[in-house]
Amino acid sequence: MPELPEVESVVRSLCSSSSSLIGRRVEQGFIYGSRVVSGCSAEEFLQQVQHACFTSIERHGKYLFFEMQPGCATTAVPFFLVIHLRMTGRLYLVPVAERSAKYTRLSLILSEQLALRFDDPRTFGRAWLVEHPSIVTSTLGPDALTVTVQEFTTRLAGSKRQLKPLLLDQSFVAGIGNIYADEILFRSRLHPLTNSRNLAPNEVHRLHQAVRTVLEEAVEAHGANIDGVFKAGNFIVSVYGRSGKKCRICESPILRITVGQRGTHFCPECQRRK
DNA sequence: CACTCTACCTGTGCGC
DNA sequence: TGCGCACAGGTAGAGT
């Protein structure tokens, strides 16, 4: 389940010097199924990326932005390939000889015997082409990994919502999903049903600090490791998916409730409701 | 306007 | 063994 840290790991791996996407040209593209491309037809999509060159990769929240330079010099206006992995999307470079996987949705054959592969069993993930990332980011809040305490405090003051749905709202801050929302609330010792308007200044500060540090630690660990369910990296979760198990701090059993249709895990002792 | 709810998907794991 | 079902979740868009 790719959230901000997992998406950031994708950016870093695609930028790594050993096999970087940057500077490589699309020789040929393949689309499997009708769902992956949004906003234009598969034919239009393939025509536009054909011969285009990857010039940079950026991330905002869970969105990936690939800046591309068209191959034809006469129409050399850069554009952006935008990809959202949603629930089950994976994006990686492979040797061009490697067969497409069962759930490959998009494959871009690159120069130097490499291919960029987008796999997605549940077909929730999307790829589209835009003139500028702002077309996508205008509806998103600041990136959760870098949001300042000032901006966080200002945005929180404009809200009267429960903390769990608020953290999941990408227009509040971008990049937090269900796993890290629970982890962040545990780290900040705040109950998920706490209303944002009831937070004392020191609690707002604590919440912001938890957003930053939990995500930084998860990025450092290359993503989450949820025992037996999901493994992207080595970030060990404290509460997500651990209902009934002992809190790592106080040994109380972790509870699971439903908040805004989402499974929500927390420690009733460490995260007392105000 | 601000917020809440549902549809979209399919692999997994459970009970019978 | 195999069937049916609930469950997981990010976002757009519909609903309140």
Side-chain angles (χ1 to χ4, degrees), chain A residues 1-10 31-40 59-65 82-91 101-106 118-128 130 133 135-141 143-145 154-185 192-198 211 215 218 223-232 235 237 239-245 254-266:
Chain A
M1 303 157 209
E3 301 181 25
L4 188 153
E6 290 77 24
V7 178
E8 178 65 21
S9 292
V10 171
I31 289 168
Y32 306 91
S34 59
R35 294 182 193 282
V36 64
V37 168
S38 183
C40 69
R59 178 195 59 74
H60 189 104
K62 304 168 199 170
Y63 287 83
L64 289 157
F65 299 93
V82 184
I83 290 180
H84 196 302
L85 302 172
R86 294 282 186 105
M87 293 295 300
T88 51
R90 291 215 315 131
L91 196 61
K102 183 177 178 185
Y103 300 112
T104 297
R105 306 297 175 197
L106 173 66
F118 180 20
D119 295 354
D120 186 14
R122 284 188 216 178
T123 69
F124 272 26
R126 290 290 180 272
W128 56 102
V130 296
I135 295 165
V136 178
T137 57
S138 62
T139 61
L140 299 176
D143 189 81
L145 193 59
T154 304
R155 299 180 78 86
L156 197 77
S159 167
K160 301 171 179 177
R161 301 170 68 185
Q162 292 172 330
L163 294 181
K164 175 68 189 273
L166 183 64
L167 288 176
L168 290 175
D169 185 345
Q170 302 301 297
S171 69
F172 173 62
V173 289
I176 300 169
N178 205 39
I179 297 166
Y180 292 105
D182 285 0
E183 296 301 310
I184 286 163
L185 288 169
L193 296 177
T194 302
N195 197 292
S196 54
R197 88 191 121 183
N198 295 334
V211 168
L215 294 178
N225 179 357
I226 296 155
D227 196 27
V229 180
F230 174 79
K231 172 106 168 69
F235 181 82
V237 296
V239 287
Y240 180 85
R242 295 192 68 242
S243 54
K245 294 182 180 169
I254 300 298
L255 293 186
R256 183 192 186 278
I257 59 174
T258 300
V259 184
Q261 331 301 125
R262 290 285 172 262
T264 297
H265 315 75
F266 69 103

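Letters A, B, ... are given to chains in the order of the sequence lines, protein chains preceding strands, and every chain is numbered from 1.
Between His84(A) and dG10(C) there is no side-chain polar atom (N or O) within less than 4.0 angstrom of OP1 or OP2. For dG11(B), the OP1/OP2 oxygens have a side-chain nitrogen or oxygen of Tyr103(A) closer than 4.0 Å.
Looking only at side-chain heavy atoms (C-beta outward), Lys62(A) and Leu85(A) stay at 4.5 Å or farther from each other. With a 4.5 Å cut-off on side-chain heavy atoms, Asp182(A) and Thr264(A) count as touching. When side chains are defined from C-beta on, Phe266(A) counts as touching Ile257(A), because their heavy atoms get closer than 4.5 Å.
At a non-hydrogen distance threshold of 4.0 Å, Gly177(A), Asn178(A) from residues 171-180 of chain A come into contact with DNA chain C.
When rounded to the nearest whole Å, the span between CD of Glu3(A) and P of dG9(C) equals 9 Å. Here the P atom of nucleotide dG13(C) and the CG atom of Asp169(A) are 16 Å apart, to the nearest Å. Rounded to a whole Å, the CD atom of Gln170(A) is 16 Å from the P atom of dG13(C). Atom pair Asn195(A):CG and dT4(B):C1' shows a separation of 15 Å (rounding to whole Å applied). If you measure from atom CZ of Arg126(A) to atom P of dG13(C), you get 11 Å, rounded to the nearest angstrom. Computed from coordinates, the Leu64(A) CG to dG10(C) P distance equals 15 Å when rounded to whole Å. In this structure, Leu85(A) places its CG atom 18 Å from P of dT10(B), rounding to the nearest Å. Separating the NE2 atom of His265(A) from the P atom of dG9(C) is a distance of 7 Å, rounded to the nearest angstrom.
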*Walk me through it: do Asp143(A) and Arg59(A) pass the test side chain to side chain contact (heavy atoms under 4.5 Å, CB included)?*
CA-CA 9 Å; Asp143(A) 189 81; Arg59(A) 178 195 59 74; 2.6 Å; yes
*asked:* One pair to check against side chain to side chain contact (heavy atoms under 4.5 Å, CB included): Val211(A) and Tyr180(A). What are the steps and the verdict?
replied: CA-CA 8 Å; Val211(A) 168; Tyr180(A) 292 105; over 6 Å; no
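In this structure, of dC3(B), dG11(B), dG10(C), it is dG10(C) that holds the atom nearest to the side chain of Leu168(A). Here the nucleotide nearest the side chain of Arg122(A), chosen from dG10(C), dC3(B), dT10(B), is dT10(B).
Annotation: side chain to side chain donor-acceptor pair (under 3.5 Å) contacts of Asp119(A) (sequence neighbours excluded): Tyr92(A), Thr104(A). Considering only residues two or more places apart in sequence or on other chains, Lys245(A) meets the side-chain contact (heavy atoms from CB on, under 4.5 Å) condition with Arg242(A). In terms of the salt bridge (charged side-chain N to carboxylate O under 4.0 Å, His left out) criterion, Arg86(A) has no residue partners (sequence neighbours excluded). Shown here are the side chain to side chain donor-acceptor pair (under 3.5 Å) partners of Asp169(A), two or more places apart in sequence or in another chain: Arg161(A), Ser171(A).
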Between the protein and nucleotides 5-8 of chain B, list the N/O to N/O atom pairs that are separated by less than 3.5 angstrom.
from	atom 1	to	atom 2	distance (Å)
dC5(B)	OP2	Gln261(A)	OE1	3.3

